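This report refers to the structure that appears directly beneath it.
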Amino acid sequence: MMAIPLFGALAMLVPADRFLRTGFAVRAFGTGVSAATLLVAVSAMTAFDFGDTSRTQLQADWAWAPAIGLRFHLGADGISLPLVVLTALLTFLCFLYTLRHPPAGGRIRLLTALLLVLEIGLIGTFTALDLVLFFVFFETVLIPMYVVIMLWGGDGRRAAAAKFILYTLLGSGLLLAGMLLVAVNAGTLDMVQLAARHGSGVSRGVQITAFALMAIGFAVKAPMWPLHTWLPDAHTEAPTVGSVLLAGVLLKMGTYGLVRVALPLAPDGAQVWAPWLGLLAVIGIIYGALACLAQRDLKRMIAYSSVGHMGFVLLGIATLTPVGINAALFGNIAHGLITGLLFFLAGAVKDRWGTTDMDAIGGGMLGTSPRLASVLTFASVASLGLPGLAGFWGEMLAMVGAYRPHADLPRAAFVTFMAVAGIGALLTAGYFLRMLAKITHGTRPAAAAAPGAVVSAQEYAAWVPLIALTLLVGLWPKTLLDVTAAPVRALFGGG
Amino acid sequence: MIWLASLAILLPFLAAFGGMLGGPALGRLLGRLLGGRSARRDGPALIACAPVAVSLVLAAVVAFVVWQDPGERTGTLTVIDTGSVPIRVGLQVDGLSAVVALMVCCVALAVQVYSVAYMDGDRRYSSYAAFISLFTAAMLLVVFAGDLLVLYAGWEVMGICSYFLIGHHWEERANSRAAVKAFLVTRLGDVGFLIGIIVLGLGARTFEIHGVLTRVWTMPDATLTAAALLLLAGVAGKSAQFPLHTWLPDAMAGPTPISALIHAATMVAAGMYVVARLYGAFAAAPGALAVLGVIAVISMVGAALAALAQDDLKRVLAYSTISQLAVMGAALAVGAKSAAIFHLLTHGAFKALLFLAAGCVIATTGSALLAHHGGLRRGMPVTFWSMTVGFAALAGVPPFSGWFSKDSVIEAAQHAALHGGETTKAGWFAYAPLNSGPVAGEVTMTHSFGLYQDQPHWRTLPSGVAWLVYLGLLLTVALTAAYAMRAWLMAFFGEPRGTYEIREPSRIMSWTVAALAVPAAILGFFGLGAGELRPHIGPALLGIALLIVGGGAVFLLWNRDPASDPSGALGPARRVLARGFYVDELYAMAVVRPVRALARGVVRFDRRGVDAAVVGAGRGARRLGGLLRIPQNGNPQTYLTGLLAGVVVITALVVIFR
């Protein structure tokens, strides 16, 4: 699965006059490679035994550096499989979109290679079962994203890219320290073995320290309030494909890491820190929503909405209950689909209007480009958590989890968190409707230039799968919950 | 049985889906196949109307089967494992849901047929009709839901449909604002509703409605009261009760058929329906019932007063909806569940009639302001007589439907007030029945008797609240008669006050209205079948007396000067009433502005506080780097000096510490 994008990225190193001379050919090549990856991911899904989702399947296990016990150990279970498929899908859609709408800044060959490396890193992170391997893939993601923002970004890209890389590297440093702390104490780097032990063999003090270090590392990625400030800048400046992948998948690495690495490795530490995690999560929900309410820029608003949505995901994790973790995993996928769609749409708006400033766009989008506006309305409604669409279930289950958190956690605090999260959901509806009223309703300002472009086939191709999946997962949440429920229960030591 | 019910829900849903995706294209195709008059509109109209019509037939079959063989039927499609309490995707059919579903389908069909003519020439008709279909499907889902979360899904989808439909003419900023307000205000209540569902569901360890109701008695009092109060927040939002009522009058910005749909069959009815559905939980929490009673009294009297002073015909009807829903709330608070549902049905019939007739008036006169109407009875006899029936039913003139249902509510309230807050026993047992004749009433009563008989402690309402409800109801009767009389007189009598030709609008519209006048007139007689719904001589006479007082006073005022507005007699209070007691202004001051200010504050804080700390840390690091850079200036002499100094120090240390 990873070999294909790797091959593709290497092929991009061949000098331009020898192989794939035109920019379009390069883009088509990228599309083909990512389509092949998607195919492999889908076939992995068919090969996957859904009767036993808690077992790690499709494993690959080779010795890597035997001297220090490193193994190249990959595999997927019910927790990681949906994310792997999501990654492959979003990357493919990004290439599809780039076919027709390449970002300004040229050097398409480099962009293709970078996106493919990014995909390797993401899929690797979601399938790695060895701590060091996990960390290597986790870091692999950073550099391509940095370069993507740096080379194809907007006006303030330099500062945004620098902030992104420094912030996340700092988080990664702490993460590595935390992981090694556990690994050295437990004497193995294999995540399956470590998870099976449920933290036994590691003293409580070490667990508390290790969880704090790892949680900060992942929280930067997630991002959790108050470690979020790299996100709006990076999103606003990144090109459309960068934003889509950043919001759609990169953020999930943080929450996935919490569930996959931090919780099973240091369960005692998790119990100590969970109330604080929950507190910061609900602050993030309210804070993100309020920040959205006063935004003037469409992309920045969607970026801050991510802070709020990931707050729900983190709240789910903080409850330390099966239902909460299910909520988090569901929320991950739903947010990936919906926010990916929203950023595609923001990109489409920017293509047509040349700006994402809501005041400059004016109103009346439903009149001038009804299809774009309708899809934007759909995505917003999905994002504000309407039942029947994907966004709702994650939020609702997180609240269910918070109402009855893990027995050792302070119940009163979590019930308060639940109520506050409910207010956050209301504010979320508020800012999305404000945005819709501002740019889709009303009449078009006379001064604004008429944006003529109709929705292109490539744009449709990028949107429709996301819309369809949002509907499918929303109307039939069982598809996703059935996959995640069993491994989550295993995570807590149950059958 | 369950399949019929699920089909009834699915059909409008599919219609919505089809209409939204391929409305115009499909319409063109169908139009060509059928060779219709205007190929652009007949197709979407067919997609809109036919599925609802089939749903109506299915709902009728369901109701008939329930009438023949009362009882609860549940069906579960699938169980979703959440890691905690599972969600059962399933439906539940019983007398209550069957009869309400029938009403919903009737009104939805009427609205769809009416809209074909009313929205003629609207280029977004296709999406408009699709949203009505979706709205209907969502309401039917609420009605038939067998699980609290399934119910919530339908409940929220209705909210978003109301948003889209109220904002149908989004070119006007005012409509867009009204739509946003409607969604946000109801969503505020829904946050409470969802939390209430979670509290109730986790307390009972199931989200299944039937399971929750049977396990209500095992839950601690505090949990139950909290859950019931939280649910009430959602009910107040959806049913537009004080203090969350402010969205409803503004929602008049939507097209008139939408108002009929929202006010009569869906949305606002859903709130009261849910209280009836979960009545077991409310009945076990008398605190919540008392709160419901107080809310209902404030809403019904306040809204009736506000209705007296409105300039806009649709706003009069909007406030009357708030007031009438509060009457149902009052009935539920005093334990008369059957009476409440009875009033819900009759109200559905006459309010749909009133709105659609008002739509005819507006289509003819081109204005919704009462001051522009007048003398319409001569040119538009169908509308006039239909609307007369509607107003008579609203005011409770015997023998129109509203009189029967309101009378049964008053009787229940009187009983509760006179017997120290003890709720009427009759109300409990009628778990389902109503629509159907005497037999069904008796049978279902005994059936549900078994369900509730052995439950030990029915608790009672505080008698003060019971008295408050009773007096509020009586006052409302008089006020309702007054505002109904005022609107009727100003619209149809006197001299025409505008330059328009008075004639009936399109035939489809006026005949739909006439068809709705039939149930509005006679629906009340069905109530004679059930004992607790029969009129009683005492409250009935009292009601008629108050009716004459209220209506008569307005008539005398108007008779003095037919050209002027009778509400002028209210004097300075008129202004306050017309603005709905300035509740909107209060909210703007107390909620909207602080939230906006807070949002701006957060953005500022994000830039200056959190982000500045980050950037500052970066700068600090660079400065630190600058300090460290000083020794590494690339000058070999410095390095050599440092090296030598190091060697000397090390040698010295070795020598000293050896």
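Just so it is clear, the values below take in all heavy atoms, side chains as well, and ignore hydrogens, waters and symmetry mates. Here is the naming used below: chain letters follow the sequence lines, and residue numbers restart at 1 for every chain. The shown structure was predicted, so the numbers you read here are calculated from the model rather than taken from an experiment.
- Of the two parts of L194(B), only the side chain, counted from C-beta on, holds a non-hydrogen atom closer than 4.5 Å to a non-hydrogen atom of chain A.
- Taking CD1 of I197(B) as the start and OH of Y403(A) as the end, the distance is 13.0 Å to the nearest 0.5 Å.
- In plain terms, the two heavy atoms of L184(B) and L426(A) that are nearest each other are O-CD1, 3.6 Å.
- Most heavy-atom pairs under 4.5 Å with chain B: of the set G430(A), C292(A), P387(A), P232(A), this distinction falls to P387(A).
- When heavy atoms are compared at a cutoff of 4.5 Å, L230(B) does not approach chain A at all.
- Neither the backbone nor the side chain of W230(A) comes within contact range of chain B, judged by heavy atoms closer than 4.5 Å.
- When every heavy atom of G385(A) is checked against every heavy atom of R187(B), the shortest pair comes out as O-NH1, 3.9 Å.
- With respect to chain B, the highest number of heavy-atom pairs below 4.5 Å among V381(A), I325(A), L389(A), L436(A) belongs to V381(A).
- Around the CZ atom of R158(A), the shell of radius 6.0 Å holds no more than 12 heavy atoms that belong to other residues, nucleotides or ligands.
- For the set V180(B), L202(B), I195(B), the entry with the most heavy-atom pairs within less than 4.5 Å of chain A is L202(B).
- Residue with the most contacts toward chain A among N175(B), L188(B), V199(B): V199(B) (heavy-atom pairs, distance under 4.5 Å).
- Looking at L384(A) and F183(B), their side chains come closer than 4.5 Å, going by heavy atoms from C-beta outward.
- Only the side chain of T377(A) comes within contact range of chain B, judged by heavy atoms closer than 4.5 Å.
- For chain B, the nearby part of Y304(A) is the side chain; its heavy atoms alone come within less than 4.5 Å.
- Considering every non-hydrogen atom in both A437(A) and S176(B), the closest pair reads CB-OG, 3.4 Å.
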Mind running ring-ring contact (aromatic ring centres under 6.0 Å, His included) on Y152(B) and F392(A) for me, showing each step along the way?
CA-CA 11 Å; Y152(B) 182 77; F392(A) 166 68; 5.6 Å; yes
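- In this structure, I198(B) CD1 and M396(A) CE are separated by 7.0 Å, a value rounded to the nearest 0.5 Å.
- When heavy atoms are compared at a cutoff of 4.5 Å, F330(A) does not approach chain B at all.
- Chosen from E156(B), R177(B), R600(B), the residue pairing most often with chain A at heavy-atom distances under 4.5 Å is E156(B).
- Contacts with chain B were tallied for R434(A), M418(A), R404(A); R404(A) has the most, counting heavy-atom pairs under 4.5 Å.
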